[in-house]
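Have a look at the structure below before the remarks.
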Amino acid sequence: MDFALTEEQQMIRKMVRDFAEKEIAPIAQETDQSEQFPWEIIRQMGKLGLMGLPFPEDYGGAGAGTISYAIAMEEISRACGSIGITLAAHTSLATFPIHHFGSEEQKRRYVPKLASGEWIGAFGLTEPDAGSDAGGTKTQAVLDGDEWVINGQKRFITNGSIADVVVLTALTAPPLSPPTLRLCSGQALGGMKGGGTRGISSFIVEKGTPGFRPGRDEEKMGLKGSITSELFFEDCRIPKENILGNPGDGFKQALATLDGGRISIGAMALGLAQGAFERALAYSKERQQFGQPICNFQAVQWMLADMATEIEAARLLVYRAAWLEDQGVCFTKEAAMAKLYASEAAERACFKALQIHGGYGYMREYEVERMYRDQRLCTIGEGTSEIQRLVIARQVLGKL
Ligand SMILES: Cc1cc2nc3c(=O)[nH]c(=O)nc-3n(C[C@H](O)[C@H](O)[C@H](O)COP(=O)(O)OP(=O)(O)OC[C@H]3O[C@@H](n4cnc5c(N)ncnc54)[C@H](O)[C@@H]3O)c2cc1C
């Protein structure tokens with residue numbers, strides 16, 4: 001067993017940390033308060049190769065693997081959660097399914113542009129009536145000659161209104177053959193209520209396609225520099241070949257995509273927790289009460305000790321799940337565990353970081369206030385904590 005990062009992984013951490021500290025951290029507060037999407041930073045990240053880290057060089061990626069990607073997610077989120085979630089949705093939710101399930105032609109057309117950051121990607125699974133029960137999709141796609149005609153609505157889509165490419169799920173008309181993919185991740189929610197999962201397919205829709213229009217961008221509690229949108233499809237016609245894989249494969253593809261996405265959100269939570277911890281640690285040494293720094297008080301020390309321990313445990317779970325993905329073995333359970341633990345550890349860490357700041361932590365001027373709001377998404381997005389427990393329980397009970 002070797003816990004050391006490779007030289008390449010260490011180099012990527014250093015490169016991303018330097019970039020995040022120099023370019024992202026100084027604008028993180030302003031990005032939150034102005035609620036402006038940080039286009040300039042995203043362009044710079046594209047130039048640095050950060051928008052396509054895990055994808056092969058053949059398709060314009062950096063070929064750096066999932067651990068390096070998780071490290072990058074952690075380092076970026078340590079500085080700014082909004083940029084973290086933007087990268088997560090772009091990479092693990094939009095580019096991944098095209099690269100993993102797309103035809104050679106689809107991969108050549110989309111992955112290089114996404115990996116370079118020239119195009120932004122989004123993933124549309126959630127609908128007004130289909131959240132945790134993603135199989136309850138109502139959006140429909142009907143084949144009409146050489147085109148699919150899509151009608152429906154998606155909600156809460158990260159990067160939705162700015163995306164150049166959206167990967168979305170929709171019900172395709174019966175009769176349908178059973179899913180042809182055999183992925184262990186597809187077993188995770190098998191048997192849940194929500195019927196019709198075998199009739200779900202995935203499609204690629206490009207910005208500007210007639211009948212596809214973004215709705216409003218949501219006003220959120222946190223991650224205010226990221227974009228979360230409604231998407232509408234009204235008789236939206238796309239070429240027949242824009243389906244990903246075969247009709248009926250979409251639900252399994254979505255579950256496999258979410259497996260990787262959970263490593264992303266786990267890494268994002270880890271970065272936010274680490275950022276909040278470091279700020280609390282520094283503050284506890286500076287802030288004097290009763291004639292001494294507050295870090296001298298055992299109550300504060302114990303909060304710091306708990307934070308440091310839980311962050312380290314979260315890091316091990318996230319990196320291990322990433323390592324399993326790189327080994328090409330099933331990582332459904334481990335990704336759910338990493339996401340569940342890291343997101344709940346981040347919630348506790350950000351709570352304690354704010355507590356250590358006392359009243360100052362409640363003020364918008366202090367970064368822990370932003371991090372406290374930003375981390376809240378991590379126990380919800382890409383499957384709530386309850387759904388992670390359901391996935392893990394099914395795996396440990398052998399109810400696959
Ligand atoms: C900022 C943000 C960004 C997002 N980005 C995207 C995106 O890019 N793409 C996308 O497709 N979606 C995205 N989402 C949607 C997100 O994945 C869903 O919000 C999430 O899966 C929960 O669905 P829901 O909001 O409909 O809640 P619901 O499913 O309605 O859940 C409500 C409550 O019921 C509980 N619950 C539901 N079912 C069960 C069950 N079987 N057992 C126990 N408890 C249960 C849940 O845990 C939760 O506590 C985003 C959401 C947010 C807030």
Side-chain angles (χ1 to χ4, degrees), residues 32 35 37 77 80-97 120-139 152-163 165-170 188-195 197 200 202-203 205 214-233 250-251 253-262 264-266 268-269 272 336 339-340 343-344 347 373-394 399:
D32 174 65
E35 304 193 20
F37 186 76
S77 305
C80 176
S82 291
I83 298 175
I85 194 170
T86 301
L87 177 64
H90 172 85
T91 308
S92 56
L93 295 186
T95 314
F96 170 86
I120 301 289
F123 174 67
L125 178 68
T126 305
E127 299 185 1
D129 296 323
S132 299
D133 181 9
T137 296
K138 287 187 179 151
T139 297
Q153 180 185 348
K154 296 288 172 181
R155 178 165 286 172
F156 298 160
I157 307 306
T158 303
N159 300 337
S161 65
I162 56 162
V165 183
V166 180
V167 174
L168 79 145
T169 50
L189 296 182
M192 274 190 77
K193 186 182 160 292
T197 57
I200 293 174
S202 306
F203 298 92
V205 178
R216 62 167 185 191
D217 289 338
E218 303 289 349
E219 289 183 19
K220 304 191 294 292
M221 167 186 182
L223 301 172
K224 286 170 175 282
S226 74
I227 287 175
T228 315
S229 328
E230 286 181 306
L231 300 178
F232 292 98
F233 301 88
F251 193 65
Q253 292 170 346
L255 292 180
T257 300
L258 289 175
D259 281 346
R262 285 167 186 161
S264 258
I265 298 295
M268 175 182 161
L272 283 163
K339 198 264 191 192
L340 171 66
S343 61
E344 295 195 348
E347 189 173 21
R373 286 183 285 108
D374 285 356
Q375 60 76 28
R376 196 63 190 81
L377 176 273
C378 299
T379 63
I380 297 169
E382 302 196 27
T384 61
S385 281
E386 293 71 40
I387 294 300
Q388 305 312 312
R389 289 189 168 90
L390 190 149
V391 170
I392 297 162
R394 280 173 184 258
K399 291 188 176 175

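Since we're looking at a predicted model, the values are computed, not measured. When a ligand or atom number is given, it counts from 1 through the structure's own listing order.
Taking distance alone, with nitrogen or oxygen atoms compared against 3.5 Å, I387 stays at or beyond that limit from ligand 1. Considering backbone and side-chain N/O of R155, none are found under 3.5 Å from N/O of ligand 1. In terms of polar-atom proximity, T158 is counted as a contact of ligand 1, with an N or O under 3.5 Å from an N or O of the ligand. For T228, no nitrogen or oxygen atom sits less than 3.5 Å from a nitrogen or oxygen atom of ligand 1, counting backbone and side chain alike.
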The test is side-chain hydrogen bond (donor to acceptor under 3.5 Å, both in side chains); show your working for S92 and S264 and say whether it passes.
CA-CA 7 Å; S92 56; S264 258; 2.9 Å; yes
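Taking the side chain as every heavy atom from C-beta outward, E386 and S132 never approach each other to under 4.5 Å. Contact annotation: the side chain of R262 approaches that of V391 to within less than 4.5 Å [non-hydrogen atoms, C-beta and beyond].
Of the possible polar contacts, one joining the E127 side chain to the T139 backbone as a donor-acceptor pair under 3.5 Å is found.
The distance from ligand 1 to the heavy atoms of T384 drops below 4.0 Å at these ligand atoms: 22 (C), 46 (C), 47 (O). Per-residue contacts place L390 under 4.0 angstrom from the following atoms of ligand 1 (heavy atoms of the residue considered): 41 (N). Proximity to E382 (heavy-atom distance under 4.0 Å) selects the following atoms of ligand 1: 17 (O).
Nearest to atom 52 (C) of ligand 1 by heavy-atom distance, out of L93, L377, D374, I157, is L377. Of the listed residues (S132, G131, S82, G383), the one carrying the non-hydrogen atom nearest atom 36 (N) of ligand 1 is S132.
Summarising the geometry of D217 relative to S229, their closest heavy-atom pair is OD1-OG, 2.9 Å, with the distance given to 0.1 Å.
Applying the salt bridge (charged side-chain N to carboxylate O under 4.0 Å, His left out) test to pairs two or more places apart or on separate chains, those with a residue in residues 224-233 are E35-K224, R155-E230, R216-E230.
Taking 4.0 Å as the cut-off between side-chain N and carboxylate O, K339 and E382 do not count as a salt-bridged pair.
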